[in-house]
Amino acid sequence: MSEHTTTAPIPTLEIKNLVVEYRTEDGIVHAVNGLDLRIEKGKTLGLVGETGAGKTTTGLAILRLVAQPPGVIVDGSIHLNGENLLMKSEKEMEKIRGKQVSMIFQDPMTSLNPVTRVEDQIAEVIELHEHLSWNESLAKARDMLELVGIPGERGVDYPHQFSGGMKQRVVIAIALACSPQLLISDEPTTALDVTIQAQVLQLMKNLREKYQMSMLMITHDLGIVVEICDLVSIMYAGRVVEHGSLEDIFNNTRHPYTEGLFNSLPNLEDRKAKLKPIKGLMPDPSNLPPGCAFCPRCDYAMEICHTDKPGKVYRTEDHFVECHLYSEQNIGEKVIGK
Amino acid sequence: MSKQQPLLEVKNLKKYFQTPRGMLHAVDDVSFKIAEGKTLGVVGESGCGKSTTGRAILRLVEPTSGEVNFDGIDILKLNPEQMRKMRQHMQIIFQDPYSSLDPRKTISQTIEEPLRLNHIIPDKNARIERVFELMETVGLAERLFNTYPHELDGGRRQRIGIARALALNPNFIVCDEPVSALDVSIQAQILNLLKELQSRLNLTYMFITHNLSVVNHFSDDIAVMYLGEMIEMAPAEDLFTQPLHPYTQALLSAIPAPTLNKKMDRIILKGEIASPIEPKPICRFANRCIHMQDRCRKEHPELIEASTGHFVACFLVQ
Amino acid sequence: MEISQSKQDVIQKTKQYKKRSQILEVWRRLKRNKAALIGLAIVILLFLMVIFADVLYDYKGVVIKQNIPNRLQHPSLAHPFGTDELGRDMLARIIHGGRMSLSISLVSVAFSLLIGGSLGAITGYFGGRIDMVIMRIMDIFLAIPPTLLAITIVAALGPSTINLVIALAVSSVPTFSRIVRGSVLMVRDVEFIEAAKAIGATNRTIIIEHILPNSFAPVLVQTTLSVAVMILTTAGLSFLGLGVQVPTPEWGFMLSSGRTYIRDHSYLTLFPGLAIMATILSLNLLGDGLRDALDPRLK
């Protein structure tokens with residue numbers, strides 16, 4: 001993808017060959033293994049994968065919040081608007097977090113301070129980054145609450161006085177208080193009910209447009225991806241195994257893992273269709289197979305898959321897959337799922 | 001609903017909890033039947049009383065009032081000893097495969113426990129043989145015999161929970177969100193296992209979930225609960241193609257479908273679920289309903305049969 | 001024939017997947033904790049000393065036999081810890097005193113664990129009115145400082161070793177019932193308890209097989225800490241003359257009688273003090289280590 005960087009405008013986020021390890025007593029956990037990722041301004045990328053795929057570690061690495069020790073960012077670069085975040089000092093990172101990049105976590109309760117009024121929690125961020133007076137910050141905090149659909153006068157309440165959906169709205173208000181260029185959302189609606197999830201997703205879509213924000217949407221739910229993302233990266237064992245537009249991923253699926261994810265989902269149209277789960281389990285990230293990490297679970301595994309790591313094969317400029325099944329010659333056709 | 005003699009018939013089941021702010025109506029006057037070998041899916045959002053219903057049927061929480069007829073016996077009238085025996089026929093699979101297993105017991109101890117406690121197989125070796133058999137049934141490798149739950153992933157732990165429930169050869173199993181805590185690929189493995197077991201062992205399920213696509217895939221009939229009440233119940237096909245209650249409609253439209261082909265008109269509900277404490281005798285969904293009329297704020301809609309087998313509690317269809 | 005064949009299979013299989021011994025597992029995890037190992041070593045040493053006290057020093061001939069000409073000698077080869085004001089060898093008295101201190105505290109901890117633990121388990125598990133009544137009574141006891149309570153009991157019953165044990169046991173029953181109740185409450189609402197109910201376990205089975213093993217860790221730590229506290233309280237009561245009576249050696253009592261000579265013969269207080277300190281420290285280190293080692297979730 002590097003050949004585009006010279007001509008295209010600078011992307012909001014560009015991650016190249018990111019490697020993150022957790023060095024524990026019991027061995028090295030390879031959480032992220034050479035991850036490439038790119039989000040253009042105003043676009044939303046869905047980072048899809050299962051537990052232990054390294055999605056959250058990636059999100060934390062962007063903010064340089066990977067717990068050190070045991071976490072170590074071993075290799076790679078993370079460029080935010082052309083600046084390498086891995087070269088920044090801790091002081092500079094503090095200015096970036098919450099101002100240029102914000103993160104929303106799965107459980108709203110753990111990201112709110114239970115003994116501080118919600119408007120104060122929002123105002124704190126504003127005061128810190130925008131250098132406004134406390135009163136101006138408070139006023140803006142109430143505006144932010146209104147923006148996420150909570151009456152401003154409820155700002156004097158404490159987090160426990162809000163329901164789960166409202167708390168997540170407050171978290172979103174905090175994240176957006178300083179109009180960040182990039183919002184990392186780590187499973188923001190997983191803890192919420194379907195109808196509330198629909199509300200929150202709608203809100204996020206509206207705000208994204210309003211602020212012209214780029215978004216990294218970490219999720220395991222392909223339904224949410226359709227809802228809110230422009231591009232999708234499918235992550236497995238710390239690598240992006242397939243990447244492309246919604247159209248590419250949903251209608252021109254190439255990687256057997258992506259295919260497996262779709263087949264595992266109950267089909268709303270055809271309720272009698274039998275589920276075809278992916279056999280086996282996620283590999284142990286401290287003991288990854290030498291070849292393709294997915295090959296022990298893959299129905300199409302060949303000899304080479306056990307020994308060599310597959311490289312990227314591009315179907316279009318955007319759509320690539322890392323799988324030995326494909327070469328420049330046959331990438332145009334779908335060889336799986338017959 | 002099927003015309004067969006139902007295996008389970010629940011009538012006017014209520015479970016109220018005393019709270020400092022008044023009576024919490026967790027389950028309010030719920031009635032339904034499940035025919036042998038069938039699955040009733042129960043859907044609803046957190047706090048709608050679906051889990052409490054499942055537990056009240058097994059008397060894991062004591063119902064406030066009502067009747068639970070299992071195979072013709074009202075189990076709410078049984079004394080503790082009789083109930084203990086009855087439990088062999090009625091089992092439960094829990095949502096959280098982490099907290100539903102005793103961390104200090106090995107897999108074999110966990111699966112063996114029901115056999116041991118109910119003196120089903122007095123001989124230790126025969127019991128162990130049955131444990132191996134159950135492990136095979138749910139797809140657990142023999143070598144895991146003496147491992148501890150914390151050494152295993154969520155999917156395998158859930159298999160242990162299923163094996164434990166199957167140990168007593170029950171007819172009826174309450175599945176309380178059995179796949180909600182699992183990854184998609186593992187979720188499908190467990191759903192397939194449950195389906196296969198159902199046809200092999202002629203099991204009857206009450207399948208509680210908040211995931212509508214799962215419930216659609218899994219159930220013969222579906223009941224939708226809202227704030228402790230059952231507001232709609234119909235054969236799965238019917239409910240998905242012709243939902244009658246505005247809440248069901250909103251719920252169905254809110255499922256994010258993983259496909260590009262169909263763009264549904266999304267009904268986005270305003271507001272959130274009301275308080276289940278001392279609810280007024282009006283429609284409990286009224287404050288969020290887009291079709292709300294005056295009547296909805298004055299009267300309480302009863303569950304009526306709108307078409308054959310399709311029950312709904314809404315003034316729009318009355 | 002076929003049945004016995006499958007039986008053979010089962011026996012074969014269970015052997016093959018033999019459970020790793022729980023004790024070995026705990027030991028493997030404990031080994032990683034250096035502090036706990038040091039604690040364990042000191043505890044073992046203490047117990048050995050106490051068990052073989054009679055072999056090391058004759059009770060009648062050395063420990064309680066007065067030898068006035070030898071009184072108040074500084075530590076030397078003949079008397080490594082010196083001699084006391086009645087000319088008795090301090091090392092011998094500390095070893096035999098340890099026997100007294102340790103057995104008093106172990107027995108009283110065992111009693112209060114049994115009584116307090118059962119009360120805590122019952123109140124925690126059943127809740128409701130039983131909980132209300134028993135815990136309010138415990139609160140009344142808790143409102144009185146344990147040492148004061150022990151003093152009152154001994155004063156009422158008269159000073160003797162048995163009464164001391166009773167006093168110590170009673171005074172820490174409330175603490176144990178609180179701790180056990182707390183951990184039972186925490187375990188009680190976890191789903192596996194509900195699961196046990198669903199497979200037809202009786203309340204007794206649930207408490208014994210599921211709740212107690214899972215609330216064991218905090219109780220164990222409290223137990224080791226309590227042994228330490230008991231040693232201190234025994235010492236304190238003996239110091240006040242309410243505990244062990246002369247001429248029986250006991251650390252607290254030795255500390256008390258040595259204080260008159262603290263200026264010129266500090267070893268009379270130093271060695272009993274060190275003995276108390278070493279015992280308590282090692283028990284605490286061991287307790288902490290065991291808590292971690294006993295948790296199967298931490299590998």
Side-chain angles (χ1 to χ4, degrees), chain B residues 55 58-61 80-81 83-88 90-110 113-118 123-133 141-151 161 164-165 167-168 170 174 176, chain C residues 2-26 29 127-128 183 186-217 219-220 293-299:
Chain B
R55 283 167 166 76
L58 300 181
R59 287 180 69 184
L60 290 173
V61 296
E81 193 45 42
M83 189 58 218
R84 224 170 64 78
K85 294 225 168 72
M86 200 58 173
R87 292 232 156 96
Q88 294 180 18
M90 319 172 75
Q91 279 299 313
I92 179 165
I93 298 167
F94 293 91
Q95 165 172 11
D96 184 349
Y98 291 87
S99 63
S100 60
L101 301 175
D102 188 333
R104 289 187 192 275
K105 291 208 184 289
T106 62
I107 292 189
S108 56
Q109 286 173 327
T110 297
E113 195 180 10
L115 300 168
R116 186 168 52 89
L117 295 180
N118 292 287
D123 177 57
K124 171 88 182 167
N125 278 328
R127 219 156 53 211
I128 296 298
E129 196 180 339
R130 172 85 174 123
V131 170
F132 275 117
E133 199 181 295
E142 273 177 10
R143 67 187 160 79
L144 303 174
F145 186 71
N146 268 322
T147 44
Y148 285 90
H150 68 93
E151 298 172 288
R164 172 174 59 190
L168 297 169
V174 173
D176 188 5
Chain C
E2 217 183 304
I3 296 164
S4 69
Q5 176 59 42
S6 68
K7 215 170 210 174
Q8 286 293 316
D9 273 3
V10 168
I11 295 166
Q12 176 64 34
K13 274 191 219 163
T14 34
K15 275 203 187 118
Q16 188 183 344
Y17 309 117
K18 201 167 158 43
K19 193 163 112 186
R20 277 169 299 160
S21 155
Q22 286 272 45
I23 296 170
L24 274 179
E25 281 289 288
V26 170
R29 278 174 274 177
S183 39
M186 224 153 60
V187 181
R188 189 187 66 172
D189 291 328
V190 185
E191 262 179 354
F192 66 81
I193 299 302
E194 215 171 8
K197 246 180 243 171
I199 54 166
T202 54
N203 285 329
R204 201 172 135 256
T205 319
I206 292 177
I207 294 183
I208 294 175
E209 285 196 26
H210 295 284
I211 292 193
L212 288 183
N214 278 290
S215 35
F216 189 57
V219 178
L220 184 85
L294 280 169
D295 190 342
R297 280 153 289 197
L298 307 165
K299 269 204 277 183

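Below, chains carry the letters A, B, ... as their sequence lines are ordered, and counting in each starts from 1. Values below: every heavy atom of this structure, side chains too, minus hydrogens, waters and symmetry copies.
In terms of heavy-atom pairs under 4.5 Å with chain C, the best-connected choice from B/Pro80, B/Ser100, B/Pro114 is B/Ser100. Note on B/Asp102, B/Leu168, B/Leu58: by heavy-atom pairs under 4.5 Å with chain C, the leading option is B/Asp102.
In this structure, NE2 in C/His210 is found 11.0 Å from CD1 in C/Ile208, a value given to the nearest 0.5 Å.
For a residue to count as touching a neighbouring chain, one of its non-hydrogen atoms must lie under 4.5 Å from one of that chain's; by this rule B/Arg59 does not touch chain C. Looking at B/Lys85, neither its backbone nor its side chain comes within 4.5 Å of chain C, counting heavy atoms on both sides. If you measure heavy-atom distances from B/Gln91 to chain C, the contacts under 4.5 Å come from the side chain alone.
In this structure, the side chains of B/Val174 and B/Ile93 stay at 4.5 Å or more apart for every pair of heavy atoms. Looking only at side-chain heavy atoms (C-beta outward), B/Lys105 and C/Glu209 come within less than 4.5 Å of each other. Looking only at side-chain heavy atoms (C-beta outward), C/Asn214 and B/Arg104 come within less than 4.5 Å of each other.
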List the atom pairs, with distances to 0.1 Å, where a side-chain N or O of residues 196-204 of chain C and a protein N or O form a donor-acceptor pair under 3.5 Å, not counting sequence neighbours.
unit_1, atom_1, unit_2, atom_2, d
C/Thr202, OG1, C/Thr205, N, 3.3
C/Thr202, OG1, C/Thr205, OG1, 2.6
C/Asn203, OD1, C/Tyr125, OH, 2.8

